[in-house]
Structures are given as C-alpha cells and as structure tokens.
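Working notes for the structure below.
In what follows, chains are A, B, ... by sequence order, proteins preceding strands, each numbered from 1. Treat the numbers as computed from the prediction; the structure is a model and nothing was measured.
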Protein chains: 2
Amino acid sequence: MITLNDVAKKANVSKMTVSRVINHPDQVRPELRELILDVMAQLNYQPNAAARALVGRRTRVIKLTIFEDMDTTEPYYMMLLAGISNELNQHQYALQIATRNSFQNGECDGYILTGIRQTDYAWVSRLTQPVVFFGSNRQGYDYVDTDNYQAVQESTKYAVETGYTHLVFIGIAVAEPFELDRERGFREYVTTHRISAQIIRLENHSHTATAYVKAHWRNFPRNTAFVCASDRLAIGVETAIISEGGQVPTEYGVIGFDGVLLNQIATKRLTTMQQPLEAMGRAAARLLLANINHGDTPRRDQEKVIINSRLSVAESTR
Amino acid sequence: MITLNDVAKKANVSKMTVSRVINHPDQVRPELRELILDVMAQLNYQPNAAARALVGRRTRVIKLTIFEDMDTTEPYYMMLLAGISNELNQHQYALQIATRNSFQNGECDGYILTGIRQTDYAWVSRLTQPVVFFGSNRQGYDYVDTDNYQAVQESTKYAVETGYTHLVFIGIAVAEPFELDRERGFREYVTTHRISAQIIRLENHSHTATAYVKAHWRNFPRNTAFVCASDRLAIGVETAIISEGGQVPTEYGVIGFDGVLLNQIATKRLTTMQQPLEAMGRAAARLLLANINHGDTPRRDQEKVIINSRLSVAESTR
DNA sequence: CTGTTAGCGCATTCAA
DNA sequence: TTGAATGCGCTAACAG
C-alpha cells in the first residue's frame with residue numbers, strides 16, 4: 001500500500017506538503033504541486049479512507065434509506081442506487097442501505113432518503129446529519145427530482161399531437177408532491193387547450209388499473225389516450241384495453257411514467273416518461289457530499305436539483 | 001462520541017481490557033467481562049469503524065458487483081441488496097456497488113459477485129481479495145444459491161399433482177449452471193414419472209416467450225402447464241395464452257421462478273418459485289466476512305450455502 | 001488475566 | 001511556502 005510517506009520521500013518533501021496538495025492545493029507552490037501530483041500518479045497513490053475518516057471525525061459512510069416495502073419496491077431503485085454508488089465511490093465514500101424494518105443507528109455522515117411519506121417527517125427531523133431527498137418536499141430539505149409537472153405536460157402534449165382526442169389521467173391516490181405535480185401538469189394542459197379529459201386516482205398496482213378500466217370501459221371512447229402516473233398503472237390499463245378488445249395504439253394510447261424494466265413486460269412496449277435515474281442518483285450524492293463538507297455554514301436556502309425526464313416513445317402510442 | 005476510553009474509565013479498567021472484551025472475550029475474567037459489557041450497553045458504545053479499519057489494515061468495505069446490464073436488471077436484486085446490507089451493517093462493514101461499466105478499483109476487503117457469466121471468470125481470477133458468488137459456479141469459488149434442481153422438481157411435481165397432463169419447460173437459452181440445474185430438475189422429474197413433456201429454451205424476455213407460444217400454439221393441448229425458468233418468461237407465456245383465448249388456470253397453468261414484483265404485474269398473479277433473497281443476501285455477506293477473517297488459513301474446500309426456495313401458489317395454477 | 005507502549009495513515013495545529 | 005509535532009480511536013505485542 002502506497003502512503004503519503006512514500007510519495008513524500010520520492011518527491012523529496014515532507015508528507016505534509018503532499019497532504020496539502022490534496023486538501024489545500026493553493027497553499028503549495030505550483031511547480032512543486034505539479035511535481036508531487038506527478039509522483040502520486042506514478043505511484044498510483046490512493047489515500048487511505050480509514051485514516052482520513054479517523055482524523056476527520058467522519059465515517060465516510062452515507063446511508064440510503066428506502067421507506068417503501070422492499071418487496072413491492074420499484075425496480076428503478078436499482079438504477080438510482082447505481083448512480084449514488086458511482087458518485088460515492090469516486091469520493092471514497094461507502095454506502096449503507098437501510099430499510100424501514102432494518103434501521104440500524106450506526107454512524108454515518110449523511111442520509112439520502114427515498115420513498116418518504118408525510119407521516120415520516122417527524123422521524124426525519126430527528127436526524128442530526130445532513131439529509132438529501134430523492135423526490136421533492138415542502139419541508140425545506142434539499143432534494144433531487146425530475147420535473148413531474150413538465151414531464152406530464154410533455155406526455156399529454158404528445159398524446160394530443162398524435163391525434164388522441166379524449167385524455168384520461170390515471171394518477172396515484174396519494175397526496176404527495178410528486179403526484180400532485182403530475183396531476184397538475186395534466187390538468188393545466190387539458191384546461192388550457194380545452195381538451196376532453198378526465199382524472200382518476202387509483203392505488204399504484206397494475207390490477208387496480210385493469211379492474212377500473214374494465215369496469216368503466218364504456219366511458220372510454222375510441223381515440224382515448226391514458227396518461228398514467230406510473231408504469232404499473234400503465235401496464236394495468238393496457239391489459240384492460242386488450243382484454244376488452246381495444247386496439248393499441250390505433251384506437252387507444254397508453255403512456256407510463258418511470259421507464260425501467262416494467263415497460264419491457266408490457267404487451268406493447270410502453271411509451272413512458274423515462275427518468276434519468278443514474279444521473280439523479282449521482283446528483284443526490286453530490287449534493288449530499290457538498291452539504292457534508294460545508295457543514296458548518298449556517299443553514300442556507302433549500303437546494304433543489306431538477307433533472308428533466310425524456311419521453312421514450314414505443315409501441316403503446318402512435 | 002463514546003470511545004473505548006470512556007467505557008474504560010467508567011468501568012475502572014484500561015481501555016485494552018475493554019478492547020479485549022470485544023475482540024478476545026475469552027481472555028477476560030468473566031465477571032469483569034460482564035461488568036464491561038454492562039457499561040458498554042449503558043453508554044451505548046459503538047466502536048469506531050474507521051479506527052478499527054486503520055489499525056487492522058482493512059477497509060471495512062465490501063464490493064458488490066452486478067455484471068448484468070443495469071437497465072434490464074431483475075428487480076430481485078433489490079431484495080438481495082437489502083439482505084447483504086443488513087448483514088454488513090451489523091458487522092460495521094459498508095458496501096460499494098459496482099457495475100460492469102463503473103468498476104472502480106478502490107480498495108475493499110472482499111467481493112460479492114452476481115450475474116457472472118462464463119466469460120467473466122478471467123476477470124474474477126485476478127481479484128486478490130476473497131470472493132463469494134451469488135449463484136453456483138464450478139470454478140471453486142464459494143457461493144450462495146438456491147437449489148435450482150429441487151426447486152424446479154418441486155414446481156413440476158406441483159403441476160402434475162394439480163392435474164396438468166402435458167408439461168412444457170420454458171428455459172433460458174444460456175449454458176449457465178443455474179439454468180442447467182433447473183432444466184435437469186424438470187427433465188428428470190418428467191422422465192421418472194413418464195409424463196408427456198417438452199423443453200424449450202428462449203432468451204429471457206417476456207416478448208420472446210409470448211411470440212414463441214403464439215407461434216406454436218397448436219403444440220400446446222389443453223391441460224398443459226408451463227414451468228418457466230423466470231418470471232419474465234412466465235408473464236410472456238401467460239400473455240400468449242390469454243391472447244390465444246386459453247383459460248388460466250383451468251385449461252393452462254403457468255409457474256414462474258424468482259418471485260419478486262413481476263408476479264404482481266401478471267394478469268393472473270403468478271404461481272412462482274420464491275427465492276428467499278433477503279436470507280441469501282445475508283448468507284453471502286456472512287460467508288464473505290468469514291473468509292475475510294480467516295484470511296490466512298490455507299485454501300479450504302469450496303464452501304456452499306444452499307437455501308431452499310418455496311413455491312408460492314397464486315392464480316396462474318389450479 | 002490485565003496494563004503499558006507504540007503505531008496504523010492522515011490532517012490540523014504551530015513554528016520556521 | 002514548507003516542515004515538525006501531535007493526536008484521531010483502536011489493537012498487537014509485550015510486560016507485569
């Protein structure tokens with residue numbers, strides 16, 4: 001293992017100078033700095049995370065908490081996780097994953113929180129380390145999210161422009177910001193453009209959607225597009241349409257939201273709003289690390305990172 | 001933060017004694033040990049992972065590498081991850097997640113490897129730290145797996161006992177141990193019991209299965225059960241049956257394999273072999289940690305942990 | 001069985 | 001701008 005000392009000897013300086021090149025490069029004479037960087041590269045020096053953690057009173061561990069039940073968890077968490085982990089790895093941070101059931105109160109430097117519902121905020125407020133949310137919130141915590149409002153506006157616009165004349169929004173029956181924003185995106189678009197539309201809210205399961213659409217099949221004339229708040233709902237809708245003898249995409253359109261895996265399971269590959277999850281994961285990690293390192297500065301404004309989703313057009317729309 | 005010293009003072013011993021209680025409890029007089037454990041509990045002492053890592057020349061980080069493409073990754077990895085992470089947390093180990101694309105060669109104490117294919121073994125053999133596989137292998141690496149052979153035997157038996165008279169095994173077209181074992185489980189069962197059967201191998205996508213079953217629909221008489229090597233395939237089969245006008249489960253049965261999430265998406269909730277993923281994740285972590293701590297002992301035999309799956313009967317079979 | 005000493009690799013003092 | 005000393009919390013090696 002290469003240590004600071006090895007680098008220092010080879011560069012004929014003290015190890016403090018090497019340490020400074022890493023932590024306060026501006027305090028080292030440029031030529032010397034270059035030389036040392038050179039040696040570090042030659043030796044492939046990797047700072048020892050444990051030692052840094054020890055002296056810095058940091059754990060170099062961040063916790064990701066997933067508040068949903070794991071066995072109904074969306075597969076997209078996997079992509080998110082990859083993004084978070086990639087970014088953390090670069091900064092020599094490791095990850096701990098905690099779930100609602102398995103919350104260990106071991107030490108960490110900060111938290112990334114996902115799947116939080118209104119009822120969980122009391123718990124969150126007791127956390128002493130920096131926190132970043134995945135998904136917006138109105139409690140003032142920093143977060144990373146996609147622009148749910150614009151995303152649904154975009155899908156809705158797409159549905160209209162491809163000629164569907166009646167629109168149905170299938171939302172998720174929870175009063176969380178992400179859902180309200182998606183619904184608002186739909187509502188404002190159809191209102192502004194005076195489009196025939198209806199809004200429905202269901203539990204986020206494919207079966208619920210299938211049952212609902214079948215039960216109310218007469219309400220859905222030909223040329224209806226279903227703009228759904230999740231891929232699960234979209235798959236359920238598609239199943240119902242097909243089982244009722246409707247044609248996708250010629251007579252009916254279906255648009256999902258999320259864009260990982262589930263759309264591959266659909267009979268017609270789903271047109272869906274694809275969230276850039278890897279990027280969002282990275283962003284969340286970066287934001288958290290920034291908070292950790294500026295830890296002492298007095299509380300600033302809530303910081304938000306918004307990353308746009310992209311409509312991925314497939315077989316369930318024209 | 002509570003340190004060894006705090007505990008030591010309160011217990012009127014030196015910190016070495018406290019340290020021994022943790023690492024070599026048999027070297028401490030029992031009464032004293034109890035006393036110290038008591039104080040540790042009172043103070044809620046948590047050893048500092050960084051310090052242990054530093055002195056033990058360990059990183060206290062283990063890497064989980066997922067060799068599949070992330071965006072087609074099975075949702076069950078999430079459960080596996082939870083298990084691994086839970087176990088690691090208990091032992092003050094943190095996790096890094098690496099994917100095929102993002103393999104950073106930062107330090108770690110060991111690897112848990114998943115999704116490995118034959119072609120990846122060269123890479124694996126260059127790893128210097130202990131390795132545990134998720135999924136069996138014939139290269140001598142320790143692994144955790146479910147008994148694929150017995151699992152498929154069990155599903156097949158179930159299909160027969162519930163009265164399906166023709167059986168079809170839909171396998172995955174790869175020559176990996178897990179798949180060969182599943183296929184063998186099926187083959188031996190139908191051979192032994194002289195049951196009318198056929199074996200098919202497809203790419204592991206629901207569409208492939210749908211297309212195949214539709215194209216060969218005439219080959220599948222009523223009272224056929226499809227024993228599938230994955231939930232994806234099973235969902236695809238089910239879609240085909242329904243679209244061809246077959247009745248599930250009265251005329252046709254479908255059994256999947258894996259048992260997370262995807263079975264909820266199926267039109268009829270899938271009967272499927274449920275892998276105990278959380279437990280398997282924990283087992284993999286435990287096995288790896290054992291290898292790490294017995295690091296110097298000469299290479300023993302390949303160690304295997306086999307955990308049985310459980311048939312979860314739902315709506316796609318009688 | 002228990003305590004003392006020393007050092008893991010690094011970064012924050014302070015001094016030059 | 002650079003270097004020397006000190007200590008983060010813990011454990012291995014030795015001494016008692």
Side-chain angles (χ1 to χ4, degrees), chain A residues 1-37 39-40 43-61 91-94 106-109 292-293 295-296, chain B residues 1-37 39-40 43-61 91-94 106-109 292-293 295-296:
Chain A
M1 170 187 265
I2 309 295
T3 71
L4 267 192
N5 238 324
D6 300 326
V7 178
K9 275 180 193 154
K10 185 148 185 195
N12 281 316
V13 294
S14 80
K15 54 181 188 169
M16 260 326 297
T17 308
V18 181
S19 174
R20 278 202 192 87
V21 169
I22 297 168
N23 300 293
H24 310 283
D26 49 312
Q27 297 176 14
V28 178
R29 189 159 38 89
E31 335 152 54
L32 191 51
R33 186 170 58 215
E34 294 309 320
L35 168 67
I36 291 173
L37 285 171
V39 175
M40 282 173 37
L43 265 40
N44 187 28
Y45 167 71
Q46 302 276 102
N48 179 310
R52 302 179 92 179
L54 183 58
V55 65
R57 277 97 180 287
R58 296 259 180 74
T59 62
R60 297 197 93 81
V61 168
H91 298 274
Q92 291 207 309
Y93 267 75
E107 311 282 333
C108 71
D109 294 341
I292 289 169
N293 294 324
D296 304 331
Chain B
M1 172 187 265
I2 308 294
T3 73
L4 267 193
N5 240 323
D6 300 328
V7 178
K9 275 180 193 156
K10 183 146 185 195
N12 282 318
V13 294
S14 81
K15 54 182 187 171
M16 258 326 291
T17 308
V18 181
S19 174
R20 278 201 192 89
V21 170
I22 298 168
N23 299 294
H24 311 284
D26 49 311
Q27 295 177 15
V28 178
R29 185 161 42 90
E31 334 150 50
L32 191 52
R33 186 170 59 216
E34 294 309 321
L35 168 65
I36 291 173
L37 284 170
V39 174
M40 282 174 36
L43 265 39
N44 187 29
Y45 168 70
Q46 302 278 101
N48 180 311
R52 303 179 91 179
L54 183 58
V55 65
R57 277 98 180 283
R58 297 257 181 74
T59 62
R60 296 196 94 79
V61 168
H91 298 273
Q92 290 207 309
Y93 267 75
E107 312 283 332
C108 71
D109 295 340
I292 289 170
N293 294 324
D296 305 330

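Remark: C1' of D:dG9 and CE of B:M1 are 8 Å apart, rounded to the nearest angstrom. Rounded to whole Å, the distance from CE on A:M16 to C1' on C:dA16 is 15 Å. The CD1-P distance, from A:I36 to C:dC10, rounds to 14 Å in whole Å. For the pair A:R57 CZ and D:dC10 C1', the computed distance is 14 Å after rounding to whole Å. If you measure from atom CZ of B:R58 to atom P of D:dA12, you get 10 Å, rounded to the nearest angstrom. Going from atom CG of B:N23 over to atom C1' of C:dT2 covers 15 Å, rounded to whole Å. To the nearest angstrom, P of C:dC10 lies 10 Å from CD1 of A:I2. What separates CG of B:N293 from C1' of D:dT11 is a distance of 14 Å, to the nearest Å.
Contact annotation: A:T17 reaches the phosphate of D:dG3 (side-chain N/O to OP1 or OP2, under 4.0 Å). Contact annotation: A:Y45 side-chain N/O to C:dC10 OP1/OP2 distance is under 4.0 Å. Close to C:dT2, at under 4.0 Å from its OP1 or OP2, lies no side-chain N or O of B:S14. In terms of phosphate contacts, B:H24 brings no side-chain nitrogen or oxygen within less than 4.0 Å of OP1 or OP2 of D:dT11. Proximity of A:R52 to the phosphate of C:dG9: no side-chain N or O atom is located under 4.0 Å from OP1 or OP2. A sub-4.0 Å separation between OP1 or OP2 of C:dC10 and a side-chain N or O of A:N48 is absent.
Shown here for B:I22 and B:R52, the closest heavy-atom pair between the two residues is CG2-NH2, 3.7 Å. Between A:N48 and A:A50, the closest heavy-atom pair is OD1-N, 2.8 Å. The two atoms that bring A:A8 and A:S14 nearest to each other are CB-C, 3.7 Å, heavy atoms only. Nearest heavy-atom pair, A:H91 versus A:R60, reported as atom, atom and distance to 0.1 Å: O-NH2, 3.2 Å.
Backbone-only contact: B:L32 has heavy atoms under 4.0 Å from sugar-phosphate atoms and none from a base. Using a 4.0 Å heavy-atom cutoff across all strands shown, A:L4 reaches sugar-phosphate atoms only and no base atom.
Residue order along DNA chain C, read from the 5' end via each residue's closest nucleotide, puts B:N12 first among B:N12 and B:L54.
At a cut-off of 3.5 angstrom, the base of D:dG3 holds at least one donor-acceptor pair with the side chain of A:R20.
Checked by atom type and distance alone, the side chain of A:R58 never pairs as donor or acceptor with a backbone atom of A:D109 at under 3.5 Å.
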